[in-house]
Amino acid sequence: MTEYTYPIVLGIIIGTLTRLYMLRTDYRQYPTYLHGKIIHIALGFIAAGLGTLAVPSIMEENFTAVTFLTIAASQFREVRNMERNTLSEMDSSELVPRGRTYIEGIAIAFESRNYLVIFTSLLTTLAYLLSNIWGGIIVGAIAFFISKALMAGGKLSDIVDVEFIEPRFEGAGLYVDNIYIMNIGLPERKKEILRYGMGFILKPKNFDSRSTIANLGQRQAILHDVSTALGVYRDSGTPALVPLAKRDLDDGRVGVFVLPQERDEKRAIEIIGKVPILENAVRLPTKRKRKEEGK
Amino acid sequence: MDLQKFILAVITTNPKKAPVASTVFHCDSKEEMDAITTNLEAILDGIAHALSDEIYIIVKH
């Protein structure tokens, strides 16, 4: 036992708790399995350890020890690759795939969460060593909530209005409002589509969100989330029954056509509203304009 | 190269309208055309699109 034992233990505990808290399995069902969770908890524990140990090494004037943080960085970049590979492999067997943009978003989130854990542990241990255990706990709690705030991204309901619209056919063309979705030939398929299909119109709230929802990855994420939460009327060998999202070129609205097993209008609108805004899809064209105008 | 979109079969009741150099199924009635298209859609794993009342195509997407 040294004077650093308790601060290190506290740092590791709070860091691992932060990781545990950020590892929530919700309706999106990822990570699904116990083993997937264990991997992330273990990596979170390692991250907490690395963050914590940096403080005593500096205090002991062992400055070179801090370089292991760079090893940590490459280690967690590996986590991102691992997540990307696993999810890409799994995506091919999904009825409605997540899409690459969504996968990349998830992979980035997994990497960044480990860094948040490192910072939380580092600050906790530092505060403990500079003051006392209570200082450590308070700073740990503050860092915990900051991590929580940093983790939560935007939701689609912040940037679009969602409206339910019954899909309809004009000849062989399937439409949601005035947005053309696809051509369906067989009368039998048309009947199925009208029976199970639901249409939604996403109306962008401003010019920036118009480009965001135009992103194909963002649209695929919407289809995936709705299909996961409400089920999907689709199987291999029925390629005609496919959820699609198409864009109205005139005003940037997006028509979403889905085939849920459970036709619940309100829940579907709620789920679309809760789809995360993918970081890689965010565009802010108006920022440039403002800069040009010198504001 | 992977073909992204490809016409796998054409089903028609009007032989004059059928394209050359493609697998064409000639049918006598709309009902027969629907029945054959339903089968082909399942077999070929493509989507049946209607170009008009007389001609369907099955496309691999």
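A note on names: the letters A, B, ... follow the listed sequences, proteins ahead of strands, and every chain is numbered from 1.
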- In terms of ring plane angle, is the pair A/Tyr175 and A/Tyr180 parallel, tilted or perpendicular, where the classes change at 30° and 60°? perpendicular
- Message: Any heavy-atom pair between the side chains of A/Phe164 and A/Ile201 that's under 4.5 Å?
- Response: no
- Based on non-hydrogen pairs under 4.5 Å, which of A/Ala240, A/Ser236, A/Gly171 is most in contact with chain B? A/Ala240
- Query: Pick from A/Pro187, A/Ala172, A/Pro239: which one has the most heavy-atom pairs with chain B under 4.5 Å?
  - Reply: A/Pro239
- Item | Closest-packed option against chain A by number of heavy-atom pairs under 4.5 Å, given B/Ile58, B/Asp53, B/Thr38 | B/Thr38
- Query: Given the options B/Ala42, B/Gly46, B/Ser52, which has more heavy-atom pairs under 4.5 Å with chain A than any of the others?
  - Reply: B/Gly46
- Task: Keeping the roles fixed (side chain from A/Arg219, backbone from A/Ala214), state whether a donor-acceptor pair exists under 3.5 Å.
- Result: yes
- Item | A/Thr286-A/Asp208 side chain donor-acceptor pair, cut-off 3.5 Å | yes
